[in-house]
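Inspection log for the structure reproduced underneath, given as structure tokens.
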Protein chains: 2
Amino acid sequence: MSAAWAGPDRFPVAVDAVLFGVSAGALKVLLIRRGAEPFLGRWALPGGFLRAGETLEQGVVRELAEEAGVRPDPLVQLGAFSAPGRDPRGPVLSVAFMGLVRVEDHVPHADTDAADAAWATMGALPPLAFDHAEVLKAGHERLLALTRSEPVGLNLLPEAFSLGALQALYEAILGRPLDKRNFRRKALASNLLRDTGLTQLGVAHRAARLYRFDAEAFANRGAGIFL
Amino acid sequence: MSAAWAGPDRFPVAVDAVLFGVSAGALKVLLIRRGAEPFLGRWALPGGFLRAGETLEQGVVRELAEEAGVRPDPLVQLGAFSAPGRDPRGPVLSVAFMGLVRVEDHVPHADTDAADAAWATMGALPPLAFDHAEVLKAGHERLLALTRSEPVGLNLLPEAFSLGALQALYEAILGRPLDKRNFRRKALASNLLRDTGLTQLGVAHRAARLYRFDAEAFANRGAGIFL
DNA sequence: CCTGCTTAGTGTCACGGAAACACTAACCCA
DNA sequence: TGGGTTAGTGTTTCCGTGACACTAAGCAGG
């Protein structure tokens with residue numbers, strides 16, 4: 001039978017997501033305010049329970065589509081959390097993911113499980129439900145580590161973008177200023193950017209050249225980083 | 001109640017371990033031969049089902065004590081695996097860990113679930129049950145990554161060891177030769193080794209100085225690496 | 001039309017970590 | 001006493017990283 005068999009203990013499995021976005025030059029995390037017990041009224045990471053027949057990735061993608069209307073890319077697994085007492089209802093395994101989404105793509109709206117949703121600024125976070133503070137910390141560390149090995153964040157930019165915009169994005173993610181010349185040197189040396197031949201229009205200063213991400217070069221050459 | 005509540009679907013949760021060891025100058029993985037369906041007779045990673053009331057770490061430690069009589073250190077989580085069809089019995093979530101143990105500490109012996117146990121050489125592996133080939137690959141990548149950021153493998157050496165032995169260990173783990181002078185320079189520069197004042201005895205060549213790992217320096221200074 | 005504001009765009013130098021490279025020293029044994 | 005085996009030791013080159021300041025271009029406002 002593909003259904004249950006007798007032996008092992010069974011556990012509810014939650015999938016939670018640390019969704020980062022950039023807005024107003026600062027790094028933000030998507031939080032929901034819980035509309036049900038436990039932790040009613042507390043802020044928490046978006047997520048929900050895994051359903052029979054879906055993989056963890058499918059589960060978290062479904063939950064994020066339902067709760068936030070977004071499909072993050074990349075979506076990387078952070079790991080499983082099982083600390084005793086992390087859920088007062090009993091033993092619940094939580095598998096957490098981390099992703100980056102455009103802030104403007106997300107329309108905060110109430111949900112069956114969420115009374116409210118909002119982007120919180122990293123460094124000014126409310127107390128979180130469950131062990132979500134720990135999960136968020138793991139997600140933040142992973143995000144920072146990922147910027148060192150992969151060209152993260154391109155999905156947050158428009159098709160064609162200036163190097164200034166790319167640098168501003170990375171400064172927001174890392175939370176510190178970067179040297180303009182060093183950044184440009186590495187970004188161009190990555191061989192992942194193609195000059196579109198276009199320039200900015202209607203800006204009150206010298207117009208910047210616009211680049212696009214070369215997905216093919218990225219796929220072929222493996223990595224390549226911007227800083 | 002701390003017991004069940006009605007809502008979400010529940011899943012059996014397996015904990016599996018990729019246990020590496022070094023023997024005869026080569027990197028080995030501990031495998032068991034399955035003594036039960038499914039995959040009866042196939043080689044697999046050691047592991048078992050999580051029981052109610054224990055964390056994932058506790059579960060995998062228990063399974064490894066039962067099945068292999070070892071307590072690996074470090075024991076790092078690789079992540080959760082949920083590919084559809086990975087277990088023919090139905091949806092089973094597997095959370096995998098990676099660890100390093102002394103080969104001689106492990107006494108292969110049959111078990112309720114394991115008909116046999118053996119150290120397999122990396123690069124000459126039998127076909128594995130479930131999705132364990134994928135899990136093993138993740139474990140191997142994690143091991144290599146870990147050597148770059150932490151002094152892994154010290155638990156495989158005796159209390160006092162020579163730099164030659166340390167280098168041989170790293171060469172086995174990495175699967176490639178290392179330059180002796182560069183290795184010694186970095187190892188000593190790590191500030192994690194203390195000269196015991198002892199030297200080898202009864203060897204048919206110049207006796208090497210013996211060092212010990214300074215756990216206190218490691219705890220205080222955070223990282224420090226050997227290569 | 002000229003001035004000022006704002007962002008784009010560009011090169012060099014110093015430092016430190018990483019890798020390549022070969023010989024002498026000490027000890028045992030036959 | 002000579003041969004075998006591992007211990008132990010410095011220097012140089014190269015590359016990636018980070019620090020650092022000025023000119024160019026476009027628009028706005030007077």
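Labels below follow one simple rule: chain letters A, B, ... track the order of the sequence lines, proteins then strands, and each chain is numbered from 1.
Rounded to whole angstrom, the span from the CD atom of A:Q200 across to the P atom of C:dT6 amounts to 16 Å. Summarising the geometry, the separation between CG on B:L198 and C1' on D:dA7 is reported as 16 Å, rounded to the nearest angstrom. Protein atom CG of B:D179 is 15 Å distant from nucleotide atom P of C:dC23, rounded to whole Å. For the pair B:Y211 OH and D:dA7 P, the computed distance is 11 Å after rounding to whole Å. In this structure, the CG atom of B:N182 is 14 Å from the P atom of D:dG10, given to the nearest Å. Atom CZ in A:R176 sits about 11 Å away from atom C1' in D:dG18, given to the nearest Å. One interatomic measurement links the two molecules: CZ of A:F183 to P of C:dA8, which rounds to 12 Å at whole-angstrom precision. To the nearest angstrom, P of D:dA25 lies 17 Å from CG of A:L201.
Of the side-chain N and O atoms in A:R209, none sit less than 4.0 angstrom from OP1 or OP2 of C:dA8. An OP1 or OP2 oxygen of D:dT5 is reached within less than 4.0 angstrom by no side-chain nitrogen or oxygen of B:R206.
Each of C:dG9, D:dA7, D:dC27 was ranked by its minimum atom distance to the side chain of A:A204; first place goes to D:dC27. Distance from the side chain of B:K180 is smallest for D:dT9 among the nucleotides C:dA8, C:dA20, D:dT9.
Proximity of A:L128 to A:F130: side-chain heavy atoms (C-beta onward) are nowhere separated by under 4.5 Å. With a 4.5 Å cut-off on side-chain heavy atoms, B:H132 and B:W43 do not count as touching. The side-chain heavy atoms of A:V103 and A:V22, taken from C-beta on, include no pair separated by under 4.5 Å.
Ring planes of B:Y170 and B:F226: perpendicular class, angle over 60° (limits at 30 and 60°).
Scanning atom types as modelled, one donor and one acceptor separated by under 3.5 angstrom connect the side chain of A:R185 and the base of D:dG18. B:R181 contributes a side-chain N or O that forms a donor-acceptor pair with the base of C:dA22 under 3.5 Å. Between the side chain of B:K186 and the base of C:dG17 there is no donor-acceptor pair of N/O atoms closer than 3.5 Å.
Within 6.0 Å of CZ on B:R102 lie more than 12 heavy atoms contributed by other residues, nucleotides or ligands. Residue-environment remark: CZ (B:R194) exceeds the threshold of 12 foreign heavy atoms within 6.0 Å. Atom CZ of B:R212 sits in a crowded spot, with more than 12 heavy atoms from other residues, nucleotides or ligands closer than 6.0 Å.
Using a 4.0 Å cutoff on non-hydrogen atoms, no part of residues 157-174 of chain A comes near DNA chain D.
Along DNA chain D, the nucleotide closest to B:H205 and the one closest to A:A207 are compared, and the more 5′ of them pairs with B:H205. Projected onto DNA chain C by closest heavy-atom contact, B:G202 and B:R148 fall at different nucleotides, the more 5' of which corresponds to B:R148.
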